[in-house]
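The structure appears below as structure tokens.
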Amino acid sequence: MEILEDSEKKPLDFIRQIIADDLQNGKHQKIVTRFPPEPNGFLHIGHAKSICLNFGVAEEYAGTCNLRFDDTNPSKEDVAYVQSIEKDVHWLGFEWREKVLYASDYFPQLYDFAVELIKQGKAYVCELLPDEIREYRGTLTEPGRESPYRQRSVEENLQLFTQMKNGEFSEGTHVLRAKIDMASPNLNMRDPVIYRVLKAHHHRTGNTWKIYPMYDYTHCLSDMLEGITHSLCTLEFQDHRPLYDWVLDTLSTPCHPRQIEFARLNLTYTVMSKRKLLKMVEGGFVDGWDDPRMLTISGLRRRGYTPASIRNFCKTIGIGKSESRIDMGVLENEIRSDLNLRAERRMCVLDPVKVILDNYPDDLVEEMTGMNHPQAPDMGERAIPFAREIYIEREDFMENPTKKYHRLGPGREVRLRYGYLIQYVSHSKDEATGRITEIHCTYDPETKGGTAPDGRKVKGTIHWVCAKKGLPVTVRLYDRLFSVEDPEADKNIDFLEHLNPMSKVIISDAIAEPSLAALQPGETVQFERQGYFCADSVESIAGKPVLNRTVTLRDSWESKK
RNA sequence: UGGGGCGUCGCCAAGCGGUAAGGCACCGGGUUUUGAUCCCGGCAUUCGUAGGUUCGAAUCCUGCCGCCCCAGCCA
């Protein structure tokens, strides 16, 4: 089935308005954006927002978007991350024209620009210690003081910078600083460090460099070198824009990308920072970065989210500058509406209780026919075995049913989906626990398939699985990771205190209709009346899928009762 | 108390001086062999707040209030 994405016209967000204007008034003929992750962690749903924006805008306006790794801090980065990031961006459905780019590819040019800055008298080597630099920087309300090394001659700076490059100084002793304004109300402009000594192994340049450029200095120049027209980043970089512009203006570069900031994504019932995600992984609170409860791209993929649902989600929430927290229900709604169209329907009993049809032949096994998708006959049908003993959901039987409850109970008749109408006879239970052990019913032979020739109506239709032919499966019921909307609301309470203890419930004795044995890893089906379930891509084995619940079906009964 | 941002329905979000789009949620009703889907209908006299300009303001101006970000040799 075709991947559906809503194509209704949405008003342009403020970034697209700027871009459309720039194109229309001729400022640019073609737009170029970039997605610049640091390879120091896994991508999450928040990155997806940025990816959809940058690659999306490029697609919509016939431009290009570069995937560029911002790898200027070798002490935190690793190739393993670049691989997972590339995989995730591809999986979301985006392509980059040129080969993958790296800020580290520009190290030689960045170095030359630094020399140029020194020659202009706009940068100097500072020997203040880290603590001293902080002290000299001043505070939010008091201006900083100038470094005693600020007035060095160009020659001396050149000499010292060369020595830095040659590895003659140890980490923390020398930095190259831009000479801007120690009294600026913007702390980023108080002679920011642009190069530091770092003797770490870099995943791409190895040990050739002993000094590494800082983000602010690197990013604007990398953008410029690639001819980026619009450099889109999150709100916290707003204060950095003057520095971004200063570097490009001071070096009088041939082009000057425009940095535009937008609000990052926040969702209810989760946390988004890399640091906190890392803490959950390292603390063993989740089963790794791709735990289906994690809102990492790899976690969502394993959970059963589709690329289209994530792209639609990003489209729905839009782009703006106000900080917001999107209701998790919006994301869930997107995956439901996508899966509703494409997932085949199946039956699976999660909490089985046996039903015996007293008047059904002892050794007969019939084949019932179920639609793979009631609204899409072209998706075909499958056979479902039926016999005297079946399992139904424990919650589909009630000893003393209320008026609104229209499932099985004393005196009740219900329909077994694609099966027969059955009539309650008796039930037995464990007196000690009150737990129902068995239910006896009779079936109406005239109602095969579920319709009564006399036209009588039954209120309830329940799902079932043949006891003899059913396939035992392991099902994991995943739910929101946290039990409160904003786990970070109270600064005095560790966010981990709010973990939802029921976020992962493993059911090892569920019983599914036999056709489920054919489910391939990564494939998703709808268990009727329950939700969408995806065969786990790493733990499923041939003929025996392990199922992850992606999301439940909407349930208006749950809220009514 | 320095600087930079943000404040439109429960949650997002259009609106760009001419009299409040849309989505999610929610509430009704219809269809239904999934209490699902689908379909119909309802849901801000009001735009943080107080003034001002104007025939006319959510949109322009001023003050006030609230929230977020910034003092890494992280990105």
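Everything numeric in this text was worked out from a predicted model, so none of it was measured. What you see below is based on every heavy atom in this structure, not just the backbone, and it leaves out hydrogens, waters and symmetry mates. Just so we're on the same page: letters track the sequence lines, and every chain starts at 1.
Here the side chain of A:N340 is nearest to one of B:A71, B:U37, B:C74, namely B:U37. Among the nucleotides B:G15, B:A36, B:C11, the one closest to any side-chain atom of A:Q17 is B:G15. Distance from the side chain of A:I326 is smallest to B:C12 among B:U37, B:G35, B:C12. Here the side chain of A:L187 is nearest to one of B:G35, B:A71, B:C6, namely B:A71. For A:N73, the side-chain atoms get nearest to B:A75 when compared with the rest of B:A75, B:C73, B:U37. When each of B:U37, B:U34, B:G2 is scored by its nearest atom to the side-chain atoms of A:R529, the top-ranked nucleotide is B:U34. In the set B:C69, B:G35, B:A71, the nucleotide with an atom closest to the side chain of A:D239 is B:C69. Side-chain atoms of A:R345 lie closest to B:U34 of the nucleotides B:A21, B:C12, B:U34. Comparing B:C12, B:A71, B:U37 by their closest approach to the side chain of A:R137 singles out B:A71. Distances from the side chain of A:T139 to the nucleotides B:C73, B:A71, B:C6 place B:A71 closest.
Put simply, A:S322 has a side-chain N or O that comes within less than 4.0 Å of OP1 or OP2 on B:A13. Contact between the side-chain N/O atoms of A:R325 and the OP1/OP2 oxygens of B:C12 is not found at any separation under 4.0 Å. Contact annotation: A:R554 side-chain N/O to B:U37 OP1/OP2 distance is under 4.0 Å.
When rounded to the nearest whole Å, the span between NE2 of A:H240 and P of B:C74 equals 13 Å. If you measure from atom CD of A:E323 to atom C1' of B:G5, you get 8 Å, rounded to the nearest angstrom. Rounded to an integer number of Å, the gap from A:L331 CG to B:C12 C1' is 13 Å. Put simply, CD on A:Q238 is 20 Å from P on B:A75, counting in whole angstrom units. Distance CG (A:N333) to P (B:C38): 9 Å, rounded to an integer number of Å. Atom NZ in A:K321 sits about 16 Å away from atom P in B:U8, given to the nearest Å. Rounded to an integer number of Å, the gap from OH of A:Y405 to P of B:G35 is 11 Å. When the P atom of B:C69 is taken as reference, atom CZ of A:F237 falls 14 Å away, rounded to whole Å.
Partner of A:W464 under the ring pair (Phe, Tyr, Trp, His ring centres under 6.0 Å) criterion, out of A:Y391, A:F386, A:Y443, A:Y420: A:F386 alone. Put simply, the residue from A:Y215, A:Y217, A:Y212, A:F169 that forms a ring pair (Phe, Tyr, Trp, His ring centres under 6.0 Å) with A:Y195 is A:Y217. A:T447 pairs in a side chain to side chain contact (heavy atoms under 4.5 Å, CB included) with only one of the listed residues (A:V458, A:L421, A:D454), which is A:L421. For the ring pair (Phe, Tyr, Trp, His ring centres under 6.0 Å) test with A:H202, the passing option among A:W209, A:Y102, A:F69, A:F107 is A:F107; the others fail.
Residue A:H463 is out of contact with every strand shown, counting any heavy-atom pair closer than 4.0 Å. Counting non-hydrogen atoms under 4.0 angstrom, A:M347 reaches nothing in the nucleic acid. Nucleic acid contact class of A:I211 (heavy atoms, under 4.0 Å, all strands): none. Heavy atoms of A:L140 sit under 4.0 angstrom from at least one base atom. Residue A:Q526 is in base contact, counting any heavy-atom pair closer than 4.0 Å across all strands shown. At the heavy-atom level, A:F262 lies nowhere under 4.0 Å from the strands shown. Using a 4.0 Å heavy-atom distance criterion, A:T218 is classed as making no nucleic acid contact. Counting any heavy atom pair closer than 4.0 Å across all strands shown, A:H174 reaches no nucleic acid atom. Counting any heavy atom pair closer than 4.0 Å across all strands shown, A:L416 reaches no nucleic acid atom. Using a 4.0 Å heavy-atom distance criterion, A:P37 is classed as making no nucleic acid contact. Note on A:F527: nothing from the nucleic acid sits closer than 4.0 angstrom, heavy atoms only. Using a 4.0 Å heavy-atom cutoff across all strands shown, A:V330 reaches sugar-phosphate atoms only and no base atom. No contact: A:K459 has no heavy atom under 4.0 Å from any strand. Across all strands shown, A:G318 has no heavy atoms under 4.0 Å from either base or sugar-phosphate atoms.
Pairing partner, B:G41: B:C27, with both Watson-Crick or wobble hydrogen-bond distances short of 3.5 Å. Using Watson-Crick or G-U wobble geometry with both donor-acceptor distances under 3.5 Å, B:C67 finds its partner in B:G5. With a 3.5 Å ceiling on both atom-pair distances, the Watson-Crick or G-U wobble partner of B:G18 is B:C55.
Here the NZ-NZ distance, from A:K76 to A:K274, works out to 9.0 Å after rounding to the nearest 0.5 Å.
Remark: the separation of the C1' atoms in B:C73 and B:G66 is 36 Å, to the nearest Å. Comparing B:C65 with B:U1, their P atoms are spaced 8 Å from each other, to the whole Å.
Judged by closest nucleotide on RNA chain B, A:G320 is the one of A:G320 and A:G419 placed further toward the 5' end. Along RNA chain B, the nucleotide closest to A:F14 and the one closest to A:L553 are compared, and the more 5′ of them pairs with A:F14.
Between the side-chain ring of A:Y215 and the base of B:A75, no stacking contact exists by the 5.5 Å and 30° definition.
Classified by its glycosidic torsion, B:G56 falls in the anti category, the angle being over 90° from 0.
Here the shortest heavy-atom pairing between A:K179 and A:W246 reads O-CZ2, 3.8 Å.
Salt-bridge check for A:R68 with A:D105: failed, with every basic side-chain N at 4.0 Å or more from each acidic carboxylate O. No salt bridge links A:K459 with A:E413; every basic N to acidic carboxylate O contact stays at or beyond 4.0 Å. Classification of A:R311 and A:E334 as a salt-bridged pair fails, no side-chain N sitting under 4.0 Å from a carboxylate O. Ionic pairing of A:D338 and A:R342 is present here: one or more N-O contacts between side-chain nitrogen and carboxylate oxygen are shorter than 4.0 angstrom. Salt bridge A:R137/A:D191: absent, no basic N to carboxylate O contact under 4.0 Å.
Remark: A:V193, A:R196 in residues 193-202 of chain A come within less than 4.0 Å of RNA chain B through at least one heavy atom.
Other residues, nucleotides and ligands contribute at most 12 non-hydrogen atoms within 6.0 Å of the CZ atom of A:R264.
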